[in-house]
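Quick notes on the structure that follows.
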Number of protein chains: 2
Amino acid sequence: METVERLIRSTQELLWERGYVGTSPKAIQRAADAGQGSMYHHFSGKAQLARAAIERSGEELREAAEEQFASPGTATERITHYLERDREVLRGCRIGRLTADPDVMADPTLRAPVDETFRWLRGRLAEVVAEGKRTGEYPATIDPDQTAATIAAVLQGGYVLARAANSDEPFELAVQGLITLLQEASA
Amino acid sequence: METVERLIRSTQELLWERGYVGTSPKAIQRAADAGQGSMYHHFSGKAQLARAAIERSGEELREAAEEQFASPGTATERITHYLERDREVLRGCRIGRLTADPDVMADPTLRAPVDETFRWLRGRLAEVVAEGKRTGEYPATIDPDQTAATIAAVLQGGYVLARAANSDEPFELAVQGLITLLQEASA
DNA sequence: GTCTATAGAGTGATAGAC
DNA sequence: GTCTATCACTCTATAGAC
């Protein structure tokens with residue numbers, strides 16, 4: 001693998017695990033097996049490399065999610081599929097994690113890909129919910145934008161509860177609780 | 001205010017804003033208007049001071065939540081009250097934020113108060129939901145532990161979405177979406 | 001493209017005077 | 001209890017040789 005690629009992937013991993021503030025250029029170089037000069041030759045510094053890594057992680061998140069959204073089935077089935085997909089729960093969300101990082105939130109070029117990723121996710125979920133309304137799965141009282149935000153929030157919050165408990169259990173509980181509520185709404 | 005108290009409160013603020021990794025003893029001393037020697041006289045170091053600050057924040061969270069849970073009204077009313085309480089959405093949750101901090105999660109004495117706080121919160125919410133089942137507000141299909149986790153997750157995830165968007169809106173959407181689902185379940 | 005040397009600032013703590 | 005001095009280390013680069 002080329003150096004640039006190794007640098008980006010190592011940065012993705014470190015941002016996931018330790019966040020932006022907790023990730024040093026030196027740690028990235030070690031993980032990517034690249035020298036100091038090499039890293040600064042390809043990137044202007046930590047921020048630009050982080051930006052590339054965050055954008056990459058955002059793309060990967062969208063691809064993985066779209067796989068469930070575009071699959072056949074009713075709206076509830078596709079949402080349930082998405083919610084129940086295999087996840088590394090205790091590692092949390094690579095993108096959501098960054099919202100806790102003050103330096104990421106303070107830098108518009110770093111926050112932008114985070115913002116775009118969740119905007120896309122909520123929009124896509126809203127489309128699926130809207131389809132469910134058209135097919136009569138969900139009653140008129142269900143608002144697609146609200147429900148989409150609720151679904152995305154349960155996942156992000158589920159990660160938080162799981163990490164606090166050092167167990168997948170609260171995540172699974174939260175997801176199943178949401179699925180039940182969605183079923184009750186469509187019943 | 002005494003020095004110890006100023007140190008704890010300043011640490012609470014800094015942990016909320018910058019997390020554990022992003023908070024230095026020096027920054028705490030500056031915020032608390034305390035000297036180096038003073039801080040190390042009262043606390044063994046950053047970790048012990050953080051522990052005191054996290055425990056304090058956990059107590060405050062429980063007190064604030066209990067105010068809504070113990071108020072009169074139906075289960076749905078009390079849950080709605082809790083969800084719609086005034087919050088500093090863009091600052092996020094003081095406790096939930098710490099789950100993104102690898103050094104907090106790795107240290108059992110720092111993770112413990114985070115764990116306990118969310119365990120209490122989910123347990124208390126589950127009690128309210130269980131009451132709602134007894135009074136016939138919720139059908140038998142609703143599981144208190146699952147629903148409690150879902151409610152806590154929507155708040156924690158709502159903060160994440162709000163910070164990503166740099167706007168309260170996604171938080172409000174997620175909360176209203178959950179309230180609608182709870183109403184549909186009880187209808 | 002990659003290497004090593006250097007640098008100024010900050011980190012987290014200890015020591016001992018007052 | 002609080003102060004200043006000091007320390008070994010890390011952080012995030014920059015400079016210039018190869």
Side-chain angles (χ1 to χ4, degrees), chain A residues 1-55 97-98 100-111, chain B residues 1-56 97-98 100-111 113:
Chain A
M1 207 188 301
E2 301 98 21
T3 303
V4 170
E5 188 63 19
R6 288 204 315 278
L7 283 166
I8 291 175
R9 295 200 191 177
S10 298
T11 306
Q12 282 182 281
E13 287 297 311
L14 284 164
L15 285 182
W16 193 2
E17 199 178 325
R18 306 211 30 96
Y20 184 77
V21 171
T23 297
S24 69
K26 194 168 199 168
I28 295 170
Q29 293 152 27
R30 203 182 313 123
D33 195 28
Q36 187 109 327
S38 186
M39 193 199 101
Y40 281 101
H41 172 75
H42 294 293
F43 295 93
S44 66
K46 177 177 166 174
Q48 203 203 3
L49 184 43
R51 159 114 208 196
I54 297 170
E55 282 173 347
R97 198 232 171 281
L98 298 168
D101 235 304
D103 291 7
V104 172
M105 292 300 98
D107 182 341
T109 76
L110 292 179
R111 193 173 61 77
Chain B
M1 208 188 302
E2 303 99 21
T3 303
V4 170
E5 186 65 18
R6 287 204 316 278
L7 283 167
I8 291 175
R9 296 200 189 177
S10 298
T11 306
Q12 283 182 280
E13 287 297 311
L14 284 164
L15 287 181
W16 193 2
E17 199 179 325
R18 305 210 33 95
Y20 184 77
V21 171
T23 297
S24 69
K26 194 168 199 169
I28 295 170
Q29 292 152 26
R30 203 181 313 123
D33 196 28
Q36 187 108 327
S38 186
M39 194 199 100
Y40 282 101
H41 172 75
H42 294 293
F43 296 93
S44 66
K46 177 176 164 175
Q48 203 203 6
L49 184 42
R51 159 116 209 194
I54 296 170
E55 282 174 346
R56 177 73 66 85
R97 198 232 170 282
L98 298 169
D101 236 303
D103 291 7
V104 172
M105 293 300 98
D107 182 341
T109 73
L110 291 179
R111 193 173 61 78

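Reminder, nothing fancy here: chain letters follow the sequence lines and each chain counts from 1.
The heavy-atom pair separating B:Y20 from B:L15 by the smallest distance is CA-CD2, 3.6 Å. Contact detail for A:G45 and A:Y40: the closest heavy-atom pair is CA-CE2, 3.8 Å. For the pair B:A53 and B:I8, the tightest heavy-atom approach, listed with the atom from each and the gap, is CB-O, 3.9 Å.
A 4.5 Å side-chain heavy-atom check between B:R111 and B:L98 finds every atom pair outside the cut-off.
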B:R51 vs B:E55, salt bridge (charged side-chain N to carboxylate O under 4.0 Å, His left out): CA-CA, chis, key distance, verdict: CA-CA 6 Å; B:R51 159 116 209 194; B:E55 282 174 346; 2.7 Å; yes
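Annotation: the span from B:M1 atom CE to B:L7 atom CG amounts to 11.0 Å, rounded to 0.5 Å.
Taking atom CD1 of B:I28 as the reference point, atom P of C:dT11 lies 11 Å away to the nearest angstrom. To the nearest angstrom, C1' of C:dC3 lies 15 Å from CE of A:M39.
Looking at residues two or more places apart in sequence or on another chain, you find no salt bridge (charged side-chain N to carboxylate O under 4.0 Å, His left out) involving A:R30.
The stretch residues 1-18 of chain A has no heavy atom under 4.0 Å from DNA chain D, so no residue of it qualifies as close.
Residue A:H41 places none of its side-chain N or O atoms closer than 4.0 Å to OP1 or OP2 of C:dC3.
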Treat primed atoms plus P, OP1 and OP2 as sugar-phosphate and everything else as base, then score nucleotides 11-18 of chain D 5' to 3': B for base contact with protein heavy atoms under 4.0 Å, S for sugar-phosphate contact only, - for none. SSBB----
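Of the residues listed (A:Q12, A:E5, A:E13), the one engaging A:R9 in a side chain to side chain donor-acceptor pair (under 3.5 Å) is A:E5, and it is the only one.
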